[in-house]
Amino acid sequence: MSTLFDCIVVGGGHAGCEAACALARLGHSTLLITGNVDRLGHLSCNPAIGGLAKTHMVREIDALGGQMGLWADASGIQMRVLNMSKGPAVRATRGQMDRAHYMQNVRRTLFSLPRLLIWQDQVTALTTDDRAITGVKTKQGLSFAAKNVLLTTGTFLDGRIHIGLINLPAGRLGDEPSTDLSKALTALGIQLGRLKTGTTPRLLARSIDFSVLEPQYSDDPLPQFSFCGPAPALPQVPCHITWTSTETHDIIREGFDRSPLFTGVIRGTGARYCPSIEDKVARFPDRERHHVFLEPEGLDGAEVYCNGISTSLPLDIQERMIHSIRGLEHAVMVRPGYAIEYDYANPVQIRKTLETKAVPGLWFAGQINGTSGYEEAAAQGLWAALNISCRLKNRPPFLLRRDEAYMAVLVDDLVTSGTMEPYRMFTSRAEHRLLLREDTADMRLTPIGRELGLVDDRRWEQFERRREQCRNVTDLLEHRRCQTRNQETGACDSSLQGQTLADILRRPEVDLDTLRSLDTELDARLEGIDAFTRLTIQSDVKYKGYMDRQKALVQRSLKLEETPLPDDLDYRTVAGLSNEVVEKLCRIRPASLGQAGRISGVTPAAVDCLEIHLHKLGLLRFHKVRS
């Protein structure tokens with residue numbers, strides 16, 4: 001207990017577990033402090049992983065050598081691919097998890113790591129020396145020393161739960177909040193704000209009439225999140241779909257006068273893209289019904305999660321609301337829906353590495369940075385861990401560009417623009433999303449994960465085999481001319497004569513399986529290649545022209561991205577900048593001209609002024625771009 005740790009991770013949610021695992025596997029002595037060891041990796045809200053844009057980050061975590069994809073595949077009980085009718089850039093795997101099984105897999109991994117110590121306690125204070133972090137103090141009266149402290153506190157910072165006009169301090173229902181830590185952060189100069197999120201009632205499964213509901217089954221074959229792990233092995237179970245009704249909405253409106261959302265009790269800003277059912281009824285009064293997805297919480301079938309009716313309404317209104325929904329007329333509520341308010345730190349106060357600007361050695365990841373979602377949290381946890389490891393090993397920081405990963409878009413958005421509401425990742429946030437498909441995350445990131453030491457030999461061998469398969473088939477497609485002949489005359493098909501197989505594949509009506517029936521050599525090379533890799537090959541060839549154009553745009557913008565701005569630059573001395581622009585640049589302290597240009601209100605003319613000023617100072621230089 002008296003050891004000087006390389007890093008102390010505070011919080012055992014998705015950010016904390018991903019970070020602690022990565023740090024320990026990279027050889028760093030790590031202490032994970034959490035309020036309840038039994039809830040490591042707990043899926044506090046929806047028992048699901050993935051979804052649009054979120055799966056992209058799970059794939060990126062896996063490609064770098066992280067764990068979330070492996071844990072999800074080992075725990076999935078309903079696995080589907082969303083948006084299959086749309087282009088590959090916006091498709092996404094989604095998995096319903098067995099909640100208990102997921103936590104068991106997380107615990108099994110964490111407790112197997114020899115460099116990781118897990119301790120159940122609550123951090124109440126941070127210790128510093130000349131403003132740099134030196135460790136933490138806990139509620140049990142212990143002190144731990146560390147070179148780095150990573151806070152992944154989720155909704156626990158001064159958390160308060162609301163059910164109607166009843167409210168109580170809690171990090172989530174059944175767990176006490178962390179109030180002293182909020183005070184400690186404020187004392188160190190960290191400015192805190194207030195956000196709000198919510199969850200839905202949980203129902204007793206045997207009290208639901210599933211016979212009148214529409215089932216939704218897993219895909220066949222089952223998709224998976226990890227590039228290298230085993231396929232999902234748990235039995236698959238259906239989810240079910242139902243709807244609210246006008247009666248439901250009338251009941252909800254009856255509770256508006258006792259809703260903490262509408263009576264001013266809740267001060268925190270809620271998630272715009274995941275509103276409560278009372279918020280949806282109030283904002284869309286003409287809508288006669290809203291989707292409700294009934295999702296099993298595990299294979300034991302005891303509880304069902306009601307996705308779509310997140311609420312903080314009083315208990316009597318919640319019960320009547322539930323009974324007005326088809327199939328739920330006699331449903332029994334096991335746990336109520338509730339809203340939770342919590343403290344967060346606007347992320348303009350952190351660097352791109354996720355280290356705080358105010359306190360060297362203090363790092364933030366997850367909901368403390370204003371994000372919402374397990375996947376966003378896990379991505380930040382891994383990002384912070386890799387940067388802490390780079391610091392400890394005297395290596396350059398781990399920083400990806402927006403054209404390289406969704407997690408880079410996430411971090412850049414947070415530190416450049418900050419957020420005043422829970423931030424959620426969407427494919428529309430990524431301007432280069434065609435380059436960031438979920439199926440290409442390993443091609444983009446696994447070599448980087450290998451260089452950093454997180455991708456082991458087994459993962460690397462599997463990656464190299466898949467990369468070689470893609471290269472081998474793509475090379476054939478680009479260079480082999482069509483040999484198709486008319487079956488009756490034996491003459492070459494004139495409509496295809498002279499075209500490469502790639503040219504033919506780019507036709508909208510042609511896919512790789514169709515094309516392989518026209519060419520025996522292609523059919524032979526595709527033998528033994530899984531469907532997922534075949535889809536990667538097909539998409540790369542079909543959309544090559546579009547991707548080349550996006551890459552050209554990226555190259556043109558890299559001049560600004562690779563031009564650093566000194567951390568101590570006095571923006572008041574830059575000629576031509578307005579007072580508003582100077583204030584924003586001084587507050588955010590962008591790392592490059594490119595980041596400066598993405599700050600709201602910083603015009604292209606202002607970026608030109610910065611470039612001229614750097615030239616005058618003799619600081620204008622361009623770094624070699626990583627290919």
Side-chain angles (χ1 to χ4, degrees), residues 9-18 32-49 97 99-100 102-104 106-107 120-124 139 151-164 166-182 192 194-203 260-261 265-271 274 276 295 297-298 302-307 309-313 315 318 333-344 365-378 381 422 424:
V9 179
V10 181
H14 302 280
C17 289
E18 197 70 60
L32 173 60
I33 302 177
T34 182
N36 189 341
V37 172
D38 291 332
R39 293 202 179 191
L40 287 169
H42 184 53
L43 299 158
S44 300
C45 192
N46 190 352
I49 298 291
M97 300 292 110
R99 191 189 298 274
Y102 188 89
M103 287 192 291
Q104 289 170 7
V106 173
R107 283 170 52 87
Q120 180 167 300
D121 206 340
Q122 186 181 110
V123 171
T124 56
K139 196 171 185 177
L151 299 187
T152 64
T153 50
T155 60
F156 280 72
L157 276 183
D158 201 16
R160 180 162 290 272
I161 280 176
H162 298 268
I163 305 172
I166 298 171
N167 59 80
L168 60 152
R172 59 179 164 235
L173 196 61
D175 290 317
E176 62 179 288
S178 176
T179 54
D180 292 332
L181 190 52
S182 284
L192 301 180
R194 201 80 171 148
L195 293 180
K196 168 238 154 187
T197 188
T199 190
T200 75
R202 270 69 153 185
L203 307 181
L261 189 63
V265 176
I266 291 178
R267 296 181 293 109
T269 305
C274 188
S276 64
E295 301 169 340
E297 299 234 333
E303 291 181 69
V304 169
Y305 181 93
C306 301
N307 193 346
I309 55 171
S310 171
T311 184
S312 58
L313 289 167
L315 286 174
Q318 289 193 37
M333 189 162 36
V334 179
R335 311 175 200 226
Y338 61 85
I340 181 167
E341 283 187 289
Y342 55 95
D343 287 344
Y344 85 110
Q367 284 178 285
I368 191 173
N369 287 333
T371 57
S372 173
Y374 311 139
E375 302 82 2
E376 288 89 341
R424 179 179 177 181

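- Nearest approach of Cys17 to Gly41, heavy atoms of both residues: SG-N, 3.6 Å.
- Contact of the His14 side chain with the His42 side chain is not registered, since no non-hydrogen atoms from C-beta on lie closer than 4.5 Å.
- Of all non-hydrogen atoms in Val334 and Leu203, the two that sit nearest each other are CG2-C, 3.9 Å.
- Between Gly12 and Thr34, the shortest heavy-atom distance links the atoms N-OG1, 3.4 Å.
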> Could you walk me through whether Gln122 and Glu176 pass the side chain to side chain contact (heavy atoms under 4.5 Å, CB included) check?
Replying inline: CA-CA 10 Å; Gln122 186 181 110; Glu176 62 179 288; 3.7 Å; yes

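- Formation of a donor-acceptor pair under 3.5 Å by the Gln318 side chain with backbone atoms of Gly337 is found in this model.
- Counting heavy atoms from C-beta outward, Asp175 and Arg39 have side chains that approach closer than 4.5 Å.
- No side-chain heavy atom of Thr197 sits less than 4.5 Å from a side-chain heavy atom of Pro422.
- Between atom CD of residue Gln367 and atom CZ of residue Phe156 there is a gap of 10.0 Å, rounded to the nearest 0.5 Å.
- Put simply, the side chain of His162 never gets that close to the backbone of Glu341: no donor and acceptor are under 3.5 Å apart.
- Using a 4.5 Å heavy-atom threshold, the side chains of Cys45 and Tyr305 count as touching.
- Of all the heavy atoms in Gly16 and Thr152, the pair that sits closest is CA-OG1, 3.3 Å.
- Of all non-hydrogen atoms in Arg107 and Val37, the two that sit nearest each other are NH1-O, 3.0 Å.
- Atom CG of Asn36 is separated from atom CD of Gln120 by 5.0 Å, given to the nearest 0.5 angstrom.
- Val10 places none of its side-chain heavy atoms less than 4.5 Å from the side chain of Leu32.
- For the atom pair CD1 of Ile368 and OG of Ser182, the computed distance is 8.0 Å after rounding to the nearest 0.5 Å.
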>> The test is side chain to side chain contact (heavy atoms under 4.5 Å, CB included); show your working for Asp158 and Tyr342 and say whether it passes.
In response: CA-CA 6 Å; Asp158 201 16; Tyr342 55 95; over 6 Å; no

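- Nearest heavy-atom pair, Ile340 versus Ala170, reported as atom, atom and distance to 0.1 Å: CD1-O, 3.5 Å.
- Rounding to the nearest 0.5 Å places CG of Asn46 at 7.5 Å from OG1 of Thr200.
- When each of Arg194, Arg267, Arg160, Lys196 is checked for a salt bridge (charged side-chain N to carboxylate O under 4.0 Å, His left out) with Asp343, only Arg194 meets the rule.
- Salt-bridge annotation for Glu376 and Arg424: absent, with no side-chain N of the basic residue lying under 4.0 Å from a carboxylate O of the acidic one.
- Ion pair Lys139/Asp121 not flagged as a salt bridge, since none of the NZ, NE, NH1 or NH2 atoms sits closer than 4.0 Å to an Asp/Glu carboxylate oxygen.
- Looking at heavy atoms from C-beta onward, Thr199 lies in side-chain contact with Tyr338 at the 4.5 angstrom threshold.
- Here the straight-line distance linking atom CG of Leu157 with atom CG of Leu192 works out to 7.0 Å at 0.5 Å rounding.
- Atom CG of Leu168 is surrounded by more than 12 heavy atoms from other residues, nucleotides or ligands within 6.0 Å.
- A distance-only check finds no donor-acceptor pair linking the side chain of Glu303 to the backbone of Arg335 [under 3.5 Å].
- Counting heavy atoms from C-beta on, the side chains of Asn167 and Pro260 never come closer than 4.5 Å.
- Note that OG of Ser312 is 9.0 Å distant from CD1 of Ile163, once rounded to the nearest 0.5 Å.
- Counting heavy atoms from C-beta on, the side chains of Thr153 and Ser178 never come closer than 4.5 Å.
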